[in-house]
Trainee: 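Dropping a structure here in structure tokens format, bear with me for questions.
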Number of protein chains: 2
Amino acid sequence: MSSRTPKPSDDEALQSGRRRATINDVARLAGVSKKTVSRVINRSPSVRPETREKIEAVIARYGYAPDPQARGLAFRRSFLIGLIYDNPNPQYVVNMQLGLLDGMKGSGFELVVHPCDRGSTTLVPDIRAFIERQKLFGVVLTPSVSEDEAVAEMLREIGCEYVRVASIAVDAEAHSIVTRDRHGGLLAGRHLAELGHRRLGFISGPDRFRSSHERRGGFEEGLKEHGATLSADCVAEGAYTFESGMEAAARLLALKDRPTAIFAGNDEMAAGALHAARQAGLSVPEDLSVIGFDDFQIASRVWPPLTTIRAPTREIGRLAADRLLGVMEGDKRDPEWRMPSLVVRGSTAAPKG
Amino acid sequence: MSSRTPKPSDDEALQSGRRRATINDVARLAGVSKKTVSRVINRSPSVRPETREKIEAVIARYGYAPDPQARGLAFRRSFLIGLIYDNPNPQYVVNMQLGLLDGMKGSGFELVVHPCDRGSTTLVPDIRAFIERQKLFGVVLTPSVSEDEAVAEMLREIGCEYVRVASIAVDAEAHSIVTRDRHGGLLAGRHLAELGHRRLGFISGPDRFRSSHERRGGFEEGLKEHGATLSADCVAEGAYTFESGMEAAARLLALKDRPTAIFAGNDEMAAGALHAARQAGLSVPEDLSVIGFDDFQIASRVWPPLTTIRAPTREIGRLAADRLLGVMEGDKRDPEWRMPSLVVRGSTAAPKG
DNA sequence: AGCGCGGTTGATACCGGTGTCCGCCCTGCT
DNA sequence: AGCAGGGCGGACACCGGTATCAACCGCGCT
């Protein structure tokens with residue numbers, strides 16, 4: 001049975017949806033060559049409107065969708081986008097994924113996830129193998145891998161599209177999504193300063209996260225607007241984890257002249273600060289104000305509910321996907337922005353006395 | 001330039017790793033046909049050991065790895081595994097992903113994620129389109145989609161391998177990973193009963209989650225061991241969310257003869273119960289014991305830290321991946337089990353008086 | 001020696017798309 | 001009318017693998 005003259009049962013199977021249509025079916029049914037169908041799929045301008053419509057009708061009629069594998073094989077690149085992350089916070093990861101998926105919806109691309117360990121000595125080759133194996137169209141990197149220059153260098157070298165989500169523009173604009181952490185820090189500083197706090201503490205994230213520095217920078221800026229300052233002895237480094245936040249806060253609270261308010265680099269550490277305060281016999285917000293960053297679920301679960309900075313993680317994810325897909329479409333529209341915002345709950349108040 | 005006699009520069013590129021080796025390169029360099037190389041890759045037994053070794057040497061020498069796209073095209077199936085979920089808890093999702101990735105490591109498969117909405121009227125066609133578009137090798141379903149028979153029916157119909165993670169064996173053994181929620185519930189019941197509680201409350205998850213029923217069933221079983229019972233008026237339905245837990249707990253605490261201990265269907269709702277208790281002026285665990293389920297991060301962040309049932313989510317994910325890949329390898333080894341376990345923290349104590 | 005047989009191997013088609021390149025047709029110009 | 005040129009469409013090779021099937025090998029048999 002020649003492929004040019006498929007047996008009737010084949011067409012029946014097509015009709016009933018039992019068999020997926022191929023480009024050959026579409027071409028045959030539309031009375032054109034498969035190359036012309038391919039042109040329609042790929043939006044080539046050199047197809048007469050009349051021909052195009054005829055083909056599109058057949059495509060719609062039979063619900064034809066090109067096979068990404070075959071297309072990928074010919075294109076030498078798959079229709080997959082990778083999410084490469086080392087951020088240990090589940091909520092961040094999931095929100096980012098949801099945002100990416102939002103942006104990819106209807107594009108025909110799929111998302112494949114790839115957690116990694118930035119401390120690993122094989123980080124770069126591991127990521128490279130991941131990309132080359134599946135010939136990924138592009139990848140999205142989130143902090144802190146997104147801040148790794150060796151990784152970015154490798155991506156450029158192998159010619160893989162990428163978008164880096166980071167606190168500052170770590171790369172050319174086309175490759176960066178900036179999270180405006182500095183602005184978030186500023187909002188936190190303003191809020192505490194406006195409440196009247198003058199003796200402030202800061203629990204930073206790990207040094208390798210750019211956001212640690214940005215959030216602190218913004219915080220100091222916000223304080224300065226109201227004449228307050230952050231003294232060096234009131235800064236403790238944490239690791240963006242609950243336990244590290246608890247320990248860092250305990251250190252700050254043991255200070256002779258302890259701060260009346262603490263800005264923790266993220267909600268996890270702020271939750272730790274709450275525990276430390278309780279252990280130190282201090283009540284929040286009466287004796288100590290605490291403000292977090294992220295506004296993840298935990299912020300409203302702890303007691304008192306955390307005043308925090310809401311980071312639009314999901315939106316950021318959507319923007320990242322838009323940017324990445326835009327590269328392919330040659331699309332250059334500027335995505336709109338979403339800034340971090342202040343969410344006031346119960347963990348901050350004016351200082352006593 | 002014929003493909004039979006590649007120009008020297010091609011081989012140089014191969015040597016230096018600038019060009020990925022193809023099956024043709026390997027065949028040429030090993031002095032065999034590409035079909036024989038294919039046989040080695042696919043572990044066909046009908047290759048002489050001598051030939052096999054020669055080919056394997058070339059493969060190792062040039063770091064050849066078959067192209068999943070091309071392989072997929074020929075196999076009519078991709079080397080991707082889908083995670084289909086509708087569980088809104090980020091921690092669950094991330095742990096599950098990590099577990100799946102653990103189990104897939106080194107297998108050459110990649111994980112693509114697909115959140116869905118079980119309430120959607122297009123649930124089944126959406127999932128089907130997702131699978132057929134990328135010709136997924138198989139999928140892993142988690143609660144509550146995993147408990148949807150229409151979805152399972154569709155998967156069987158299109159011949160997609162699948163594993164359903166659920167509270168009970170919802171399918172043939174080869175397709176089920178059972179989370180033993182009942183046992184977790186039993187541990188919770190035992191714990192509270194042993195502490196001396198006799199007036200107990202239960203906040204269930206939504207009815208459509210099988211785990212809601214299993215956890216309750218196990219709970220009652222555990223209570224019964226010690227002569228305690230769960231009265232129907234002390235059961236409130238929640239939605240596995242913080243807010244719903246808070247509301248449900250408030251209802252239970254408003255009862256004339258309020259329970260002295262509450263088992264919440266998950267940690268989120270237990271955290272909500274903690275808030276409700278605080279609003280009712282009760283202190284935990286003095287006036288009320290609360291026990292959760294999952295042992296996600298939130299359990300140790302709230303105050304007091306939650307006594308809870310640890311569900312080995314990541315392990316479960318690994319088992320699911322093992323099972324799915326096992327299907328391909330024709331592997332039939334029984335995966336070992338991990339049961340939920342009790343983690344005692346500060347939210348449970350003996351009742352007063 | 002001739003034959004049949006099972007284990008190995010390779011030539012070729014094929015999976016479902018895309019690129020190259022050439023020929024066709026229609027148009028507008030001289 | 002004849003010709004150049006651009007828009008349009010198709011034949012064919014190719015992407016990197018796998019399946020089919022026949023050829024080939026050496027062996028034991030009669």
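Reminder, nothing fancy here: chain letters follow the sequence lines and each chain counts from 1.
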Trainee: Could you list the residues that satisfy ring-ring contact (aromatic ring centres under 6.0 Å, His included) with Phe130(A), not counting sequence neighbours?
Mentor: His114(A)

Trainee: Do Gln134(A) and Val112(A) have side chains that approach each other closer than 4.5 Å (heavy atoms only, starting at C-beta)?
Mentor: no

Trainee: Taking only the side-chain heavy atoms of Leu73(A) (C-beta and beyond), determine which of dC15(D), dT18(C), dC15(C) contains the nearest atom.
Mentor: dC15(D)

Trainee: Mark up nucleotides 22-28 of chain D, 5' to 3', with B wherever a protein heavy atom is under 4.0 angstrom from a base atom, S wherever such an atom reaches only the sugar-phosphate, and - elsewhere.
Mentor: -------

Trainee: Taking only residues two or more places apart in sequence or in another chain, which ones pass side-chain hydrogen bond (donor to acceptor under 3.5 Å, both in side chains) with Arg48(B)?
Mentor: none

Trainee: Using the test side-chain hydrogen bond (donor to acceptor under 3.5 Å, both in side chains), find all partners of Asn95(A) that sit at least two apart in sequence or belong to another chain.
Mentor: none

Trainee: Output all residues satisfying side-chain contact (heavy atoms from CB on, under 4.5 Å) with Arg71(B), sequence neighbours left out; order by chain, then residue number.
Mentor: Ile41(B), Asn42(B), Pro66(B), Phe75(B), Phe79(B)

Trainee: Measuring only between side-chain heavy atoms, which start at C-beta, is Arg19(B) closer than 4.5 Å to Asp25(B)?
Mentor: yes

Trainee: Kindly say if Arg71(B) contacts the phosphate of dT18(D), meaning a side-chain N or O under 4.0 Å from OP1 or OP2.
Mentor: yes

Trainee: For the helix from dA1(C)-dT30(D) to dT30(C)-dA1(D), measure the angle between the helix axis at one end and the axis at the other, each built from five pairs, rounding to 10°.
Mentor: 60°

Trainee: Using side-chain contact (heavy atoms from CB on, under 4.5 Å) as the criterion, list what pairs up with Lys105(B), not counting sequence neighbours.
Mentor: none

Trainee: Establish, with yes or no, whether the OP1 or OP2 oxygen of dG9(D) is under 4.0 angstrom from a side-chain nitrogen or oxygen of Arg48(A).
Mentor: yes

Trainee: Could you check which of dG10(D), dG17(D), dT18(D) has an atom nearest any side-chain atom of Phe75(B)?
Mentor: dT18(D)

Trainee: In whole Å, I'd like the distance from the OH atom of Tyr62(B) to the P atom of dG16(D).
Mentor: 17 Å

Trainee: To the nearest Å, give me how far apart CZ (Phe79(A)) and P (dG17(C)) are.
Mentor: 11 Å

Trainee: Pick the closest DNA chain D nucleotide for Gln69(B) and for Thr51(A) by heavy atoms, then say which residue is nearer the 5' end.
Mentor: Thr51(A)

Trainee: Rounded to whole angstroms, how far apart are CD1 on Ile23(A) and C1' on dG19(C)?
Mentor: 13 Å

Trainee: Regarding Asn42(B), tell me which of base, sugar-phosphate or nothing describes its non-hydrogen contacts under 4.0 Å with the strands shown.
Mentor: sugar-phosphate

Trainee: List the residues meeting salt bridge (charged side-chain N to carboxylate O under 4.0 Å, His left out) with Glu132(B), not counting sequence neighbours, and say none if there are none.
Mentor: Arg128(B)

Trainee: Indicate, with a heavy-atom threshold strictly under 4.0 Å, whether Val37(B) touches base, sugar-phosphate, or nothing.
Mentor: nothing

Trainee: Spell out yes or no: do the side chain of Lys34(A) and the base of dG10(D) have one donor N/O and one acceptor N/O closer than 3.5 Å?
Mentor: no

Trainee: In whole angstrom, give the distance that lies between atom CD of Gln134(A) and atom C1' of dG16(D).
Mentor: 14 Å

Trainee: I'd like to know if the side chain of Arg20(B) and the backbone of Ala65(B) have a donor-acceptor N/O pair within less than 3.5 Å.
Mentor: yes

Trainee: Do any pairs count as a ring pair (Phe, Tyr, Trp, His ring centres under 6.0 Å) and have a residue in residues 17-54 of chain B, sequence neighbours left out, and if so which ones?
Mentor: none

Trainee: Please check the phosphate of dC8(D) (OP1 and OP2 only) for any side-chain N or O of Ser46(A) closer than 4.0 Å.
Mentor: no

Trainee: Whole Å only: how far is the CD atom of Glu132(B) from the C1' atom of dC15(C)?
Mentor: 17 Å

Trainee: Between the base of dA19(D) and the side chain of Lys35(B), is there any donor-acceptor pair under 3.5 Å?
Mentor: yes

Trainee: Pick base, sugar-phosphate or nothing for Pro45(A), based on heavy-atom distances below 4.0 Å to the nucleic acid.
Mentor: sugar-phosphate

Trainee: Please write out the pairs of protein N or O atoms and N or O atoms of nucleotides 23-26 of chain C separated by less than 3.5 Å, giving the distance to one decimal.
Mentor:
none

Trainee: Any side-chain N or O of Thr22(A) below 4.0 angstrom from OP1/OP2 of dG16(C)?
Mentor: no

Trainee: Just N and O in the side chain of Thr36(B): are any of them under 4.0 Å from OP1 or OP2 of dT9(C)?
Mentor: no

Trainee: Can you name the residues that form a side-chain hydrogen bond (donor to acceptor under 3.5 Å, both in side chains) with Tyr162(A), not counting sequence neighbours?
Mentor: Arg156(A), Asp171(A)

Trainee: Which residues pass the side-chain contact (heavy atoms from CB on, under 4.5 Å) test with Leu111(A), not counting sequence neighbours?
Mentor: Ile81(A), Leu83(A), Gln97(A), Leu100(A), Leu101(A), Met104(A), Val113(B)

Trainee: Rounded to the Å, how far apart are Tyr64(B) OH and dG16(D) C1'?
Mentor: 7 Å

Trainee: Figure out the CG/P separation between Asp25(B) and dG16(D), and round it to whole Å.
Mentor: 9 Å

Trainee: Rounded to the nearest angstrom, tell me the gap between atom CG in Asn24(B) and atom C1' in dT18(D).
Mentor: 13 Å

Trainee: Any side-chain heavy atom of Tyr85(A) within less than 4.5 Å of one from Val140(A)?
Mentor: no

Trainee: Which nucleotide in the set dG19(C), dC15(C), dG17(C) lies at the smallest distance from any side-chain heavy atom of Arg76(B)?
Mentor: dC15(C)

